[in-house]
There are 2 protein chains.
Amino acid sequence: MAARASSKTSESSDKVSVICRALRRAIIEQALEPGAKLPEDALGERFGVSRTIARHALGQLAAEGLVELRRNRIAVVATPSWQEARDAFDIRIELERLVVRQLAGKLTKAQIAELNAHVDAEDRARGGADAVSIRLATEFHILLAHMTNSPILVRYVSEVAYRCCLTLSLYSRPHSTECAINEHRAIIAALAKGDAAKVMELMHHHLDSVANRALVAPTPQRGRDLLDILAPYADEVTSNRVVKLPKIARRG
Amino acid sequence: MAARASSKTSESSDKVSVICRALRRAIIEQALEPGAKLPEDALGERFGVSRTIARHALGQLAAEGLVELRRNRIAVVATPSWQEARDAFDIRIELERLVVRQLAGKLTKAQIAELNAHVDAEDRARGGADAVSIRLATEFHILLAHMTNSPILVRYVSEVAYRCCLTLSLYSRPHSTECAINEHRAIIAALAKGDAAKVMELMHHHLDSVANRALVAPTPQRGRDLLDILAPYADEVTSNRVVKLPKIARRG
DNA sequence: AGCGCTCCAATTGCATGCAGTTTGGCTTCC
DNA sequence: GGAAGCCAAACTGCATGCAATTGGAGCGCT
């Protein structure tokens with residue numbers, strides 16, 4: 001028996017949604033790096049729509065955490081801090097444990113075949129671009145979420161998985177996908193067998209190891225948050241000499 | 001020591017954000033019932049902004065799942081199905097277990113005082129409007145999430161908690177807040193004591209019992225989704241007799 | 001009465017225009 | 001040489017206007 005009755009969750013075909021999808025994909029495939037500027041004008045022109053639409057799309061992506069929006073400033077691709085990346089993975093672990101708990105032993109043969117086919121695709125993509133491997137791996141997890149037929153769960157898993165994608169591009173060293181693929185296969189097997197506890201443990205370990213492999217320590221230099229990086233240095237300067245750095249320094 | 005360093009997570013002061021907050025509150029306090037229409041014009045006029053802004057706000061709320069947006073149709077307050085409500089609570093349980101796991105034993109005295117103060121407020125609100133009690137109870141959980149200083153966690157817990165609020169208004173029988181307040185106090189105590197396992201168990205039980213108390217069985221009649229209710233009948237009709245229900249039925 | 005049709009008011013989808021803010025370079029002055 | 005100040009270009013925030021779609025009232029037909 002299927003995990004649950006069918007239900008639609010696809011995004012509508014608004015121009016806004018189209019642009020959202022395009023940008024989302026560009027971001028997770030790292031065509032747009034974290035920090036990349038996203039001016040409304042440029043987006044509108046590129047996609048052949050008005051600024052209004054581009055703006056709306058940016059709003060949606062900001063709601064998903066893929067884009068940062070500051071008043072009167074150009075929107076940029078989100079640059080999650082290391083801590084945020086770690087938080088995202090923690091949340092993801094819990095959500096995906098829930099996914100496999102709901103799915104264990106409840107998948108149809110067809111669904112299992114679909115999962116296996118996806119992993120086969122991941123396998124074939126080995127050796128190709130890292131970005132593609134990462135995207136496929138992410139989509140495996142989203143495919144799982146879809147099978148719960150819980151639209152809310154799908155949304156949250158998708159969002160947090162995309163965010164994790166984003167952070168992988170920031171903090172990851174060259175990706176090794178081999179074991180990830182094997183772990184995907186193990187998860188499918190355990191799901192088919194119906195061992196909920198086992199598959200939750202597998203998923204937990206899988207995500208945890210991906211996170212640990214990727215998020216290598218607080219990586220001081222790639223931490224990106226200039227303010228944080230310079231804080232200790234700034235402390236030294238400001239406490240010993242002057243109060244304000246740029247304006248009054250010349251008077252001292 | 002505080003659970004983590006400070007971080008800002010508040011919504012900006014755009015007109016859009018202001019309207020979002022207003023609508024969100026109206027929805028969770030049931031001033032706007034599920035299914036209520038939200039025409040852009042009316043919203044814009046009411047809040048003294050243009051349709052553009054109202055529209056954008058609706059988009060954000062739709063991303064949060066509080067509003068349903070269908071192309072070329074008037075936006076309406078979301079009407080989650082019973083199953084979606086149950087799913088939301090399942091997700092919420094996992095997320096909030098994570099919250100208290102992170103918080104156990106890491107709260108400052110000031111934070112504990114803040115939590116106690118909030119529960120006191122809940123206590124004082126007893127006997128008042130149900131909607132207010134529910135909102136305060138929800139805000140207790142969001143307050144907890146804030147103390148993790150994980151913006152992502154705050155966002156997800158807030159969203160899913162609001163959704164649960166919404167479903168409570170749909171499926172709940174008259175709310176009994178007494179035990180919920182006691183359970184909140186128990187959670188604070190366990191957090192202060194630092195017993196992570198205990199507080200996770202408490203939170204799990206707390207949310208589960210709220211859900212079970214509220215989501216009384218699939219309540220066939222209040223299920224609201226006419227299509228679902230009629231599905232079995234329609235199956236019978238379409239498979240045995242004719243293809244379309246309204247147009248051809250009269251000919252049979 | 002019941003059913004279908006037509007047409008109009010209501011409403012959304014989207015582009016454009018204008019005002020206010022930020023950015024970055026240029027000039028000026030030390 | 002380098003910092004402060006100024007100015008124009010770039011960009012966002014928002015309102016308004018127009019075309020397209022919807023839904024429902026009214027009307028005629030059976």
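Convention: sequence-line order gives letters A, B, ...; per-chain numbering from 1. All values below were derived from every heavy atom in this structure, side-chain atoms included, with hydrogens, water molecules and symmetry-related copies excluded.
What separates CD1 of A/Ile19 from C1' of C/dC14 is a distance of 11 Å, to the nearest Å. Atoms CD1 (A/Ile53) and P (C/dG13) sit 9 Å apart, rounded to a whole Å. Atom CG in B/Asp14 sits about 10 Å away from atom C1' in D/dT12, given to the nearest Å.
Applying the side-chain hydrogen bond (donor to acceptor under 3.5 Å, both in side chains) test to B/Arg163 and every residue at least two apart in sequence or in another chain returns nothing. Considering only residues two or more places apart in sequence or on other chains, A/Gln30 meets the side-chain hydrogen bond (donor to acceptor under 3.5 Å, both in side chains) condition with none of them. Listed by chain and number, the residues in a ring-ring contact (aromatic ring centres under 6.0 Å, His included) with A/His141 are A/His184, A/His206 (sequence neighbours excluded). Residues satisfying the salt bridge (charged side-chain N to carboxylate O under 4.0 Å, His left out) criterion with A/Arg73, sequence neighbours excluded, are absent altogether.
The nearest pair of heavy atoms linking B/Ala88 to B/Val160 is O-CG2, 3.5 Å.
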Which atom pairs, donor and acceptor, lie under 3.5 Å between side-chain atoms of residues 37-47 of chain B and protein residues at least two apart or in another chain?
| from | atom 1 | to | atom 2 | distance (Å) |
| --- | --- | --- | --- | --- |
| B/Glu40 | OE1 | B/Arg51 | NH1 | 2.6 |
| B/Glu40 | OE2 | B/Arg55 | NH1 | 2.6 |

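A sub-4.0 Å separation between OP1 or OP2 of D/dC11 and a side-chain N or O of A/Lys37 is absent.
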Original post:
Which letters describe nucleotides 5-12 of chain C, given B = protein heavy atom under 4.0 Å from base, S = only from sugar-phosphate, - = neither?
Top reply: ------SB
